[in-house]
K.L.:
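Below you'll find the structure I mean.
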Amino acid sequence: MDDGHLLEIRDLTKHFGGVVAVNRCSLVLAPGKIYGLIGPNGSGKTTLFNCITGLERRDAGEVFFRGERIDGLKPHQVAHRGIGRTFQIIRVFPELTALENLLVVTREPFEVAYRRAQELLRFVTLDLLENEYAGNLSYGQQKLLEFIRVLMRDPELILLDEPAAGVNRTLLNELLAAITRLRDQGKTILIVEHDMKVVMGLCEKLFVLDYGEKIAEGPPGVIQADPRVIEAYFGR
Amino acid sequence: MRWAVLAALAIGLLLLALYPLVATGYGIRFMLQLFMWVALAQSWNLISGLTGYVSFGHVAFFGTGAYAGAILVTTHGWHWGPASLAGGVAAVILALIIGYPCLRLKGPYFAIAMLGLNEVMRVLVSYFEGLTGGGSGLSLPTLHASGQIYYAMGAAALAVTGAAHLLITSRVGLRFMTIREDEIAAEAMGINTERYKLYAFLLSAFVPGVVGGFFARDQGYIEPISVFPLLTTITMIVMVLFGGKGTIWGPVLGAVTLFVFQELVWARFLYLHQIFFGAIIVFVVLLMPRGILGVLQERYRLPRTI
Amino acid sequence: MGVTITPTMVGQVVISGLLAGALYSMVALGLALIYGVMRVINIAHGTLLMLGAYTTFWWFRLLGINPYLSLLVALPLMFFVGMLLQRTLVARVVDAPELSSLLLTFGISIALVNVAQLTFTSDVRSVEFLTGAFLVGPFALSKSRLVAFAVAVAITAIAFWFLQKTKLGKAIRATSQSSEVAMVCGINVHRIHLYAFGIASALASAGGSLVAVMVAIQPEMGQVYTFKSFLVIVLGGAGNYPGALLGGMLLGLVEQLASLFLTTQLSEAVAYVLLVLVLLLRPTGLLGGRAT
């Protein structure tokens, strides 16, 4: 079944004990766009990411990527299908150097991988630090490293979990420019973000989660005016 | 620089190869045991230093290899060389059987499962008396082969150190390390952590098994408590932690330093010596987590790949 | 093999299993507490049990007073030893990768075991007290096991009352739920860690005092209890305190049942197989997850 969707989630549900983290959530991503996933704290955004990437096992529902069912796959299998992600809390490999952090994630021949890694390091101006342990880099640098590590595998779909959190203005602008450029190259990006300015400026379409349920979707302007969304954020 | 290092290594190896020509019997036995500890420490490093999965029961592979080798020698008349290699294979098979389930366990669960494994192996070996002689042990036919065992142990130490070198300087080794660094991130980045953990584990079981076979031949007599002592695992761990886990030369450095120290000073004070081992572990974990080599690397900004 | 198993034998096994199980539960509760509040598996737990057993042995040897009274000394003593260990060593690795705490407590365990070897020698000791058994119908109830059971149940009950009802106990449970939330609620998490380690050490040493009357005492006796306590908290679900009770009983029963069908030697391996099976099939323990 290939209907032009890149990712399709159908009725995804995930419980933790008695708590519903994601409840019958469905959404569709078309290729080449930047999407945002927003909602109050604890509304299930990260859990949804984890279910897509196989880090959590969903309780019910289906996930399709390029028409292939991927729920039930292990995380590394999902990654091989072409989905990359970053984490809310930085997860670089601290006792590997910046360069090694990149080299280790691909299976391409060494020379190809090396050249690509160098390019990416230059791209985020980390090239002078390539032999530094990732754990010794500053917070912002680690964040950039984690971001380019995702690009190392050249994924079709990139899931970014709060890329703007804790990043200074200059760095943020670079990051946003990089994300837009990726979109222009045809990549699809799904962003979880609390910074509304970032979300509104960057995303073409938003999904709003509240208590694990998708309560709204649409272009940023429409979402901003949606009473349900306003209630979810400010109502209680 | 690179050539100087290689030349120094070559000369060192040559000297070690010629050593038996001039050595006393004690000298040979000393070096042979030193090689054994290098091989064991380095093997533990492959699983625990690289992937961070701490094995508290690595002596189980040593003991399994010792028994497999000794049984082949005594009841099937094998030469000790092939018998010891078969001991290595037996250890790998054991690692496969328990590694498949146990490596799915996270950190502490794996460590304690391995602690239990050693106990179980000792029990099993004592129980199947027909094959192993039970508690009364197994005697091998008399044979004076110290010279040959010297070279065999040396080759084992060299082989596993070579393997550590190949791994640590390659992307396969880096993948092992991502498991230690952050297993979840490694998976999300497309690394099949289960498979790499198993590879590291099998690799780390083989040489202890082989060395166990050599040890059985060298001692001429083995019993459950002589080849499954917790102390052997402890010694491997202390050597690696002390020298520097996850490095190529750290385990060698640790094994040499501590073994020499042990022979010269501590052998007469068994319990004090073990208290000292416990203290080293505590000290290294709290104050020097990368071991001696790690400290040197940091101070002189040496590459990690030494 | 070849022996017919009668209902009486099964009954006897169930009784023995429950008697042993209560002791396992109490000791394992200590390990569970430490794991619960700090996410540290204390490899030295059995070592602390061994120290409790020696306290009882020396108490009885030197003073000649009822060994069970040594609990009054051993418990507070080991409570402080535990706090001291936590304060000086373990506290430094609570937030470090779990590899650090595993290795650290392993190192502590090696050092303590060998200090015991050095000071107490490796001679096997025993406390000759309360021997023999009550005969109840067809069943024989070993006196020392019965006392151990009663004391273990009492101590475990006190521990649970403490966790449920007292302010400190509630703070400990809150910390096991989430360190961050506990901290935000104004709980001094470091102090909680200190008390938890102290209480855990006291529980382990109580186990040592009770087994001292039943089994051979020697410096390396603790390791098997570390392993069994770990098995118990795995059975019950790590961090699940009531689960530790159930797990202990279960382990006692399974061990005794196994000894009915297998030799004693092999029944030790059964505990191991059980551990691996549970970890594989129900990684969150039989009761599942962490208690709320």
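Chain A is the first sequence line, chain B the second, and so forth, proteins listed ahead of strands; every chain is numbered from 1.
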K.L.:
Testing Val285(B), Leu286(B), Val282(B) for side-chain contact (heavy atoms from CB on, under 4.5 Å) with Arg92(C), which one passes?
P.N.:
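That would be Leu286(B); it is the only one of Val285(B), Leu286(B), Val282(B) passing the side-chain contact (heavy atoms from CB on, under 4.5 Å) with Arg92(C).
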K.L.:
If you compare all heavy atoms of Ala111(C) against all heavy atoms of Ile275(B), which two are closest, and at what distance to 0.1 Å?
P.N.:
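Here Ala111(C) and Ile275(B) meet closest at O-CG1, 3.8 Å.
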K.L.:
Heavy-atom distance under 4.5 Å to chain B: side chain of Glu220(C), backbone, both or neither?
P.N.:
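Contact with chain B: none, neither part.
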K.L.:
Check Leu103(C) against Ile281(B) and note the closest heavy-atom contact, atom names and distance.
P.N.:
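It is O-CG2, 3.2 Å.
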K.L.:
Which pair of heavy atoms, one from Ser122(C) and one from Tyr271(B), lies closest together, and at what distance?
P.N.:
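Taking every non-hydrogen atom into account, OG-OH, 3.3 Å.
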K.L.:
To the nearest 0.5 Å, tell me how far Ile233(C) CD1 sits from Ile112(B) CD1.
P.N.:
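Going from CD1 on Ile233(C) over to CD1 on Ile112(B), the span is 7.5 Å.
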K.L.:
Is Leu96(B) atom CG crowded by more than 12 heavy atoms from other residues, nucleotides or ligands, each under 6.0 Å away?
P.N.:
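Buried by this count: over 12 neighbours within 6.0 Å.
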K.L.:
To the nearest 0.5 Å, what is the distance between CZ (Phe106(C)) and CG (Leu230(B))?
P.N.:
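If I round to the nearest 0.5 Å, the distance is 5.0 Å.
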K.L.:
Between Ile41(C), Leu104(C), Leu89(C), who has the most heavy-atom pairs with chain B when the cutoff is under 4.5 Å?
P.N.:
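Ranked by heavy-atom pairs under 4.5 Å with chain B, first place is Leu104(C).
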K.L.:
Under the ring-ring contact (aromatic ring centres under 6.0 Å, His included) rule, collect the residues that match up with Phe79(C), sequence neighbours excluded.
P.N.:
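Listed in chain order: nothing, the list is empty.
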K.L.:
If I take atom CZ from residue Phe56(B) and atom CG from residue Leu102(C), how far apart are they, to the nearest 0.5 angstrom?
P.N.:
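Phe56(B) CZ to Leu102(C) CG: 5.0 Å, rounded to 0.5 Å.
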K.L.:
Could you walk me through whether Gln274(B) and Gln117(C) satisfy the side-chain contact (heavy atoms from CB on, under 4.5 Å) test, starting with their C-alpha distance in whole Å, then the side-chain angles of each, then the deciding distance to 0.1 Å, before giving a yes or no?
P.N.:
CA-CA 10 Å; Gln274(B) 292 191 44; Gln117(C) 300 263 24; over 6 Å; no
K.L.:
Between Ile234(B), Leu115(B), Leu231(B), which has the largest tally of heavy atom pairs under 4.5 Å with chain C?
P.N.:
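Sorted descending by pairs with chain C, the first entry is Ile234(B).
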K.L.:
Contact part of Ile43(C) toward chain B, heavy-atom cut-off under 4.5 Å: side chain, backbone, both or neither?
P.N.:
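Looking at Ile43(C), just its side chain touches chain B.
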K.L.:
Under 4.5 Å, heavy atom to heavy atom, which residues of residues 23-31 of chain C contact chain B?
P.N.:
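Expected list: none.
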K.L.:
Using non-hydrogen atoms and a 4.5 Å limit, figure out which bit of Ile237(B) sits close to chain C: side chain, backbone, both or neither.
P.N.:
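For Ile237(B), side-chain heavy atoms alone lie under 4.5 Å from chain C.
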